[in-house]
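To start, the structure itself, in structure tokens.
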Amino acid sequence: MRKRPLPPGVALPHAHVRAAGGRARGGWGFPLGAHVREAARVAPPRGGGAMELEAARRAVLATVRGTRAADLPRLLHWMRNSHDFDELVVSNDDVVLRNIAEDLRNRLPIEAMFTSEHQAIEKIHQHPLPMIHVDAFLYDDDVVDSLCEEGKMSRSYCTECGSYKTASLEFISHSFSLMELKFLYQHVLPDLTGKVVVDVGSRLGAVLFAGYLYSSASQLYGVEMNADFCQLQEMMITKYEFIDRIKVVHADICTQPSLLQKADVVVMNNVFEYFLDRQEQARAWEFIACNVRKRGSLLVTVPSLEESLSKLQTDVQLSQWVEEVQLNYDVHMEKDVDREALEQIHLYKIL
């Protein structure tokens with residue numbers, strides 16, 4: 001992973017400074033999910049330097065075993081439930097991504113949608129139950145809670161106007177959350193050194209920005225049809241000095257066969273369902289299947305290919321095109337992990 005200084009004007013909280021650092025990476029080959037993060041630094045050995053994983057594990061166990069029996073239950077409870085370790089898994093790159101999210105929030109309406117997204121807005125309104133778009137990259141649970149307290153957002157709606165009967169609103173997001181982005185680049189994908197990543201429907205650029213910060217991909221391309229979102233991405237690329245490895249293409253993906261053909265990784269997050277009618281979705285998927293053909297390249301989708309194609313009439317033969325790679329959804333270290341969200345992420349290897 002390439003390290004870079006924080007851009008001008010981006011503040012880094014003091015608590016995060018000592019958490020900055022790299023992580024272990026696996027190779028390009030399979031099986032995946034074997035990548036391990038660097039062990040938390042328990043204490044430096046004599047002579048300086050950081051402990052290797054096994055040495056750190058032995059040091060932690062020695063400390064636990066050396067604790068008074070009367071205090072051991074409290075110590076173990078603290079280790080299992082404390083947030084004191086959180087800063088050890090927060091990096092400078094996390095802070096940069098959160099700064100980008102804040103910048104974008106300040107430039108967008110709270111629903112993070114443009115009036116130019118006619119079809120997506122119409123589909124949300126046609127949903128049988130009340131639904132709102134809450135962009136997961138811009139609004140994590142803490143931000144949503146703050147907005148609810150301020151009366152700017154609600155998690156529920158009244159089923160009978162004027163009564164106390166309420167039900168939970170359904171949230172939909174067209175972006176990965178920070179948690180999902182870290183899972184994608186740190187646990188789903190292998191080392192991307194020298195590789196080309198293409199994000200189909202790049203929207204706010206979250207996959208591109210995270211790829212720049214969390215991977216060594218040589219080039220990250222975002223293909224986005226909406227001019228408003230392309231402009232937003234370009235603003236962030238310029239401000240955060242990502243221009244050397246990120247390029248945004250304002251186009252329909254079906255006009256970009258050569259880009260798909262050279263991609264080593266293609267990312268597709270809820271990319272067609274809310275933006276195209278079913279006939280257009282079928283055409284787009286057939287185009288993807290025809291052009292994402294580099295043997296051994298990777299395809300990341302949300303939801304699964306099976307689910308995306310189940311309601312469409314296409315000639316796509318999955319068994320002849322891809323092989324799903326089983327992921328380990330238990331490797332993510334951070335607390336309050338939304339496992340259900342992670343399980344929506346699927347990885348395929350092109351045959």
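As the structure is a computational prediction, the values presented were derived from the model and not from experiment.
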Could you report the tightest heavy-atom contact between [X] and [Y], atom names first, then the distance?
X: Ala101; Y: Leu138; result: O-CD2, 3.6 Å
X: Leu189; Y: Leu192; result: CD1-CD1, 4.1 Å
X: Gly211; Y: Tyr185; result: CA-CZ, 3.2 Å
X: Asn269; Y: Val302; result: OD1-CB, 3.3 Å
X: Glu343; Y: Tyr329; result: CA-CE2, 3.6 Å
X: Ser310; Y: Glu307; result: OG-O, 2.8 Å

Can you confirm whether [X] sits close enough to [Y] that some side-chain heavy atom of one is under 4.5 Å from a side-chain heavy atom of the other?
X: Tyr212; Y: Leu220; result: yes
X: Asp338; Y: Met179; result: yes
X: Val223; Y: Leu259; result: yes
X: Gln256; Y: Val249; result: yes
X: Asp315; Y: Glu286; result: yes
X: Tyr221; Y: Arg245; result: no
X: Leu108; Y: Leu232; result: yes
X: Val337; Y: Phe183; result: no

Electrostatic pair Arg283:Glu280 at N-O distance under 4.0 angstrom: no
Residues [X] and [Y]: side-chain donor-acceptor under 3.5 angstrom:
X: Glu180; Y: Ser177; result: yes
X: Glu324; Y: His346; result: yes
X: Gln233; Y: Ser202; result: yes
X: Ser175; Y: Asp135; result: yes

Would you say the side-chain atoms of [X] pair up with the backbone N or O of [Y], donor to acceptor, closer than 3.5 Å?
X: Glu224; Y: Arg203; answer: yes
X: Ser297; Y: Arg293; answer: no
X: Glu52; Y: Glu54; answer: no
X: Asp71; Y: Thr67; answer: no
X: Gln219; Y: Val196; answer: no
X: Trp285; Y: Leu305; answer: no
X: Thr255; Y: Ala251; answer: no

In sequence, state the C-alpha distance, the side-chain angles, and the governing distance for Val266 and Leu260, and then conclude on side chain to side chain contact (heavy atoms under 4.5 Å, CB included). CA-CA 8 Å; Val266 176; Leu260 289 174; 4.3 Å; yes
Taking it one step at a time, do Val300 and Tyr348 satisfy side chain to side chain contact (heavy atoms under 4.5 Å, CB included)? CA-CA 6 Å; Val300 178; Tyr348 302 88; over 6 Å; no
Hey, what do you get for [atom1] ([X]) to [atom2] ([Y]), rounding to the nearest 0.5 Å?
X: Asp140; Y: Arg98; atom1: CG; atom2: CZ; result: 7.0 Å
X: Leu204; Y: Ile100; atom1: CG; atom2: CD1; result: 11.0 Å
X: Trp321; Y: Leu351; atom1: CH2; atom2: CG; result: 10.5 Å
X: Lys195; Y: Ser215; atom1: NZ; atom2: OG; result: 12.0 Å
X: Ile350; Y: Leu299; atom1: CD1; atom2: CG; result: 5.0 Å
X: Asp199; Y: Ile253; atom1: CG; atom2: CD1; result: 9.5 Å

Crowding at CZ, Arg295 (>12 non-hydrogen neighbours, <6.0 Å): no
Atom NZ of Lys247 with >12 non-hydrogen neighbours under 6.0 angstrom: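 No, the 6.0 Å shell around NZ holds no more than 12 heavy atoms from other groups.
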Does [X] belong to the same Ile/Leu/Val/Met/Phe/Trp/Tyr cluster as [Y], with side-chain heavy atoms less than 4.5 Å apart forming each link?
X: Val64; Y: Trp78; result: yes
X: Ile243; Y: Val248; result: yes
X: Met235; Y: Leu213; result: yes

Measure centre to centre between the rings of Phe209 and Tyr240, then say whether the value is under 6.0 Å.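 So the answer is no for these two rings.
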Pair Met236, Arg107 - check side chain to side chain contact (heavy atoms under 4.5 Å, CB included), show working. CA-CA 11 Å; Met236 296 299 104; Arg107 288 172 166 83; 3.8 Å; yes
Applying side chain to side chain contact (heavy atoms under 4.5 Å, CB included), run through Lys311 and Arg278 and close with a yes or a no. CA-CA 8 Å; Lys311 299 176 183 177; Arg278 288 194 176 183; 4.0 Å; yes
Run Lys182 and Asp94 through salt bridge (Lys or Arg N to Asp or Glu O under 4.0 Å) and show every step you take. CA-CA 9 Å; Lys182 293 177 73 174; Asp94 298 347; 2.8 Å; yes
